[in-house]
Amino acid sequence: MNRDVPERLDDVIRACGVIDRYVSDTSLPEDLVYDAVRMRLVEIGEAVRMLPVAVTAGEPGIPWSRVSLLGERLTRRYFDTTPAIVLGTARVDVPHLCEAARRLRARHA
């Protein structure tokens, strides 16, 4: 299935929102949150990988290639990641990514 730019940006925004819910819910076990966040970061990485550079260039403050590589790393080098890195990324970087994706989505309505 071929998804267009708005759909891919919606995927990123949706995954960011889910990540925020996971890390905000202190009743969930940390290992469960870690696994769930990793999967959503893989999803984000794949969606970002398919976005044209002309689109991501509109938000130069986000390291888009690193976002894409993070998804790949979590898939292929899953043994090389720690909960501290994944959950830190979820808490610190994902909100910035989400806002950037929302701004891009507004431009591609």
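Since the model is a prediction, treat every value here as computed from it, not as a measurement. No hydrogens, no waters, no symmetry mates; every other heavy atom, side chains included, goes into these values.
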| Between CG of Asp93 and CZ of Arg66, what distance do you get to the nearest 0.5 Å? | 8.0 Å
| said: As an exercise, state the distance from CG of Leu70 to CG of Leu74, rounded to the nearest 0.5 Å. | reply: 4.5 Å
| Rounded distance [0.5 Å steps], CG in Leu104 versus OG1 in Thr56 | 8.0 Å
| query | Going only through I, L, V, M, F, W and Y residues with side-chain contacts under 4.5 Å, is there a path from Val86 to Val94? | reply | yes
| request: Output yes when Arg14 and Asp11 qualify as a salt bridge under the 4.0 Å nitrogen-oxygen rule, no when they do not. | output: yes
| message | When you measure from the side chain of Arg105 to the backbone of His108, do you find a donor-acceptor pair of N or O atoms at a distance under 3.5 Å? | response | yes
| note | What one should report as the nearest heavy-atom pair of Ala90 and Val23 is CB-CG1, 3.8 Å
| said: Please say yes or no: joined through hydrophobic side-chain contacts below 4.5 Å, possibly via intermediate residues, are Trp64 and Met50 part of one cluster? | reply: no
| query | So, do Ile44 and Ile19 sit near enough that their side-chain heavy atoms are less than 4.5 Å apart? | reply | yes
| Quick one: side-chain hydrogen bond (donor to acceptor under 3.5 Å, both in side chains) partners of Glu59, sequence neighbours excluded? | Arg103, Arg107
| Is Ile13 reachable from Val55 through a run of I, L, V, M, F, W or Y residues, each pair having side-chain heavy atoms under 4.5 Å apart? | no
List the atom pairs, donor and acceptor, that lie under 3.5 Å between side-chain atoms in residues 26-43 and the rest of the protein, sequence neighbours left out.
| residue | atom | partner | partner atom | Å |
| --- | --- | --- | --- | --- |
| Ser27 | OG | Asp25 | OD1 | 2.5 |
| Tyr34 | OH | Thr81 | O | 3.4 |
| Tyr34 | OH | Thr81 | OG1 | 3.2 |

| query | Does any non-hydrogen side-chain atom of Val12 lie less than 4.5 Å from one of Val48? | reply | yes
